[in-house]
Amino acid sequence: MPELPLNRIVRPELNELKAYLPVQGAFKVRLDANEAPPLLSDHARQCLAETAAATSWERYPDASVGDLTEALARHCAVRPEEVLVGVGSDEIIGLLLTVLSNPPKDLPAATLLTTTPTFVMYRMSARVRGMRVVEVPLDRNWDLDANGLLRALDMAQPNLVFLASPNNPTGTKASRDRLETIIEAAGDALVVLDEAYIDYAPEDQLDLYRKHPNVAILRTLSKVGFAALRIGWLIARPELVQELNKARLPYNLSTLAQNLARVVLTELWPEVDAICKHVKAERDVLASALSAIDGVEVTPSAANFLWLKLERPAEEVFSGLAERGVLIRSFHQRGGRLAKHIRVTVGTCEENQAFLAALSEVM
Ligand SMILES: *Cc1c(COP(=O)(O)O)cnc(C)c1O
């Protein structure tokens with residue numbers, strides 16, 4: 001049988017991409033994916049189990065995601081028409097790129113503007129769709145380079161700007177004045193502020209959405225203890241939500257995910273809040289302990305992870321920690337200033353101690 005000539009029919013942009021696959025294997029301590037520590041009470045688990053038990057298994061899910069949308073709107077103090085729910089924020093990133101991809105006059109493809117380093121899904125999801133990607137490096141303090149971004153806005157005429165604040169992997173919040181300068185200069189491009197880590201930050205940026213018609217806010221349950229559910233949502237003008245809904249698959253969110261997420265946002269939220277507070281306190285304890293280690297510099301974090309500058313190459317530290325059963329995230333393959341940085345998720349007190357002990361040995 002002749003082989004299917006994939007190179008004729010597959011998008012050429014896929015040649016430059018690799019499937020996203022976290023490091024596999026058994027590690028005693030996994031602090032690589034910015035998940036929350038497993039601190040959910042038995043009561044909360046029981047609540048979720050009872051909700052799951054009441055599922056109408058033979059029925060399709062609610063295609064309008066009505067109850068969950070309403071719960072999220074109440075949670076964020078916006079109207080339900082301003083909320084779009086997705087299978088994690090990843091799905092919404094994809095929907096935005098699919099829908100807002102009209103190429104500008106005389107150009108073959110639309111452009112996404114973002115920063116580097118930042119969340120890798122922005123670039124990957126854009127390239128998969130054949131979009132151009134322009135990345136402006138963060139400044140030496142990992143804050144937005146306002147001049148660089150203004151120049152890029154002017155030259156690239158993007159349809160979309162993705163900015164994570166707090167940013168992944170640096171944990172830094174973008175400074176307000178720079179953020180606002182960029183929003184004002186973005187004109188008719190949509191600026192998406194990704195607030196995946198906002199529950200660990202001093203305050204949110206929802207006021208920028210209220211003030212500027214070209215801003216949308218992206219949130220998720222993944223980093224506050226419910227990565228397993230795959231729930232993300234966008235806060236945006238109702239007109240945009242309507243367009244995005246045309247591209248969304250009708251049954252994207254399972255009945256289980258919809259019902260369990262609603263319980264998380266209502267009955268369980270005080271507990272989620274307490275876990276976030278606990279993680280913030282642990283983050284500050286871990287940050288001061290790390291600052292005391294020779295050859296380690298800690299970037300102040302507004303998220304549930306720390307971005308560490310090391311005297312030794314990140315690759316060696318990563319392997320040394322892995323040999324001791326501790327998995328963290330390193331970006332050394334990307335070289336440059338990332339070759340001496342690692343990202344570590346704040347875990348339970350015991351996990352953080354295990355990481356500290358292993359790092360002291362490795363350094
Ligand atoms: C983890 C993360 C997300 C979350 O994606 P989900 O699909 O909701 O799990 C989104 N944005 C950033 C910056 C992240 O780090």
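Each ligand, and each atom within it, is numbered from 1 in the order the structure gives.
Between His341 and Trp307, the ring planes are parallel. Angles under 30° get that label, and only those over 60° would be called perpendicular.
Remark: Arg178 engages Asp143 in a salt bridge, criterion side-chain N to carboxylate O under 4.0 Å. Salt bridge present: Arg176 and Asp207 bring a charged side-chain N and a carboxylate O closer than 4.0 Å.
Remark: Lys280 pairs with Tyr200, Arg283 by the side-chain contact (heavy atoms from CB on, under 4.5 Å) rule, at least two apart or across chains.
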Quick one: table the atom pairs, ligand 1 N or O against protein N or O, below 3.5 Å, distance rounded to 0.1 Å.
| unit_1 | atom_1 | unit_2 | atom_2 | d |
| --- | --- | --- | --- | --- |
| ligand 1 | 5 (O) | Ser89 | OG | 3.3 |
| ligand 1 | 7 (O) | Ser89 | N | 3.1 |
| ligand 1 | 7 (O) | Asp90 | N | 2.9 |
| ligand 1 | 7 (O) | Asp90 | OD1 | 3.2 |
| ligand 1 | 7 (O) | Asp90 | OD2 | 3.3 |
| ligand 1 | 7 (O) | Arg230 | NH1 | 3.4 |
| ligand 1 | 7 (O) | Arg230 | NH2 | 2.9 |
| ligand 1 | 8 (O) | Ser89 | N | 2.6 |
| ligand 1 | 8 (O) | Ser89 | OG | 2.7 |
| ligand 1 | 8 (O) | Thr220 | OG1 | 2.6 |
| ligand 1 | 8 (O) | Ser222 | OG | 3.4 |
| ligand 1 | 9 (O) | Ser222 | OG | 2.6 |
| ligand 1 | 9 (O) | Arg230 | NH1 | 2.7 |
| ligand 1 | 11 (N) | Asp194 | OD1 | 3.4 |
| ligand 1 | 11 (N) | Asp194 | OD2 | 2.6 |
| ligand 1 | 15 (O) | Asn168 | ND2 | 2.8 |
| ligand 1 | 15 (O) | Tyr197 | OH | 2.6 |
| ligand 1 | 15 (O) | Lys223 | NZ | 3.2 |

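Glu316 and Val362 get closest at one heavy-atom pair: O-CG1, 4.4 Å. Considering every non-hydrogen atom in both Leu179 and Ala174, the closest pair reads CD1-CB, 4.1 Å.
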